[in-house]
*Asks:* 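Here's a structure for you.
Worth saying up front: this structure is predicted, and the values here are computed from it rather than measured. FYI, side chains are in, hydrogens and waters are out, and symmetry mates aren't considered; it's all heavy atoms of this structure.
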Amino acid sequence: MNDHHAHQEFERTAHVIRKAIERGELPEDVDPREVLETLSAPLYFRLLVGDQPLESAFITRCIDHTIALYSMELRSSHEPEDPLTG
């Protein structure tokens, strides 16, 4: 895959991440590429190394886990600092 094609593919999917940021579902400072890499890693692992098919349930779980991971980051960045622990 050449760089131009890779960039086009990224831009084709990154707008979904940017919309989630605009809606407040993901932190404003999140890197869309990082989110997509986090989401796609288990999918590529299953395709290249795993011996199981990419099923809808698995893809949905990967999406849910990625959203949960970055949502936790959002919540923790908005929590007040604990005066006892610093």
*Asks:* As an exercise, state the distance from CG of L36 to OG1 of T13, rounded to the nearest 0.5 Å.
*Replies:*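 Reported to 0.5 Å precision, the distance equals 4.5 Å.
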*Asks:* For R18, enumerate each residue passing the salt bridge (charged side-chain N to carboxylate O under 4.0 Å, His left out) test, keeping only those at least two apart in sequence or located in another chain.
*Replies:*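 Here the qualifying residues are E11.
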*Asks:* Is F10 reachable from L43 through a run of I, L, V, M, F, W or Y residues, each pair having side-chain heavy atoms under 4.5 Å apart?
*Replies:*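 Each belongs to a different hydrophobic cluster.
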*Asks:* For residues 47-65, run the donor-acceptor check on the side chains, cut-off 3.5 Å, and write out each pair with its distance to 0.1 Å, sequence neighbours left out.
*Replies:*
unit_1: Q52; atom_1: OE1; unit_2: R46; atom_2: NH2; d: 2.7
unit_1: T60; atom_1: OG1; unit_2: S56; atom_2: O; d: 2.9
unit_1: H65; atom_1: ND1; unit_2: R61; atom_2: O; d: 3.4

*Asks:* Membership question, hydrophobic clusters at under 4.5 Å side-chain separation (ILVMFWY): are I67 and L39 in the same one?
*Replies:*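 Yes, it is one cluster - the side chains of L39 and I67 are joined through contacts under 4.5 Å.
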*Asks:* Between OG1 of T66 and CD of E37, what distance do you get to the nearest 0.5 Å?
*Replies:*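 Interatomic distance, T66 OG1 to E37 CD, rounded to 0.5 Å: 11.5 Å.
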*Asks:* For atom OH of Y44, is the number of surrounding heavy atoms from other residues, nucleotides or ligands below 6.0 Å larger than 12?
*Replies:*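 Check fails, neighbour count at 12 or below.
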*Asks:* Are more than 12 heavy atoms, taken from residues, nucleotides or ligands other than R23, located less than 6.0 Å from that residue's CZ atom?
*Replies:*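 Yes, because the 6.0 Å sphere around CZ of R23 holds more than 12 heavy atoms from other groups.
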*Asks:* Minimum heavy-atom separation for I21 to P32, with atom names?
*Replies:*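 Closest approach of I21 to P32, heavy atoms only: CD1-CG, 4.5 Å.
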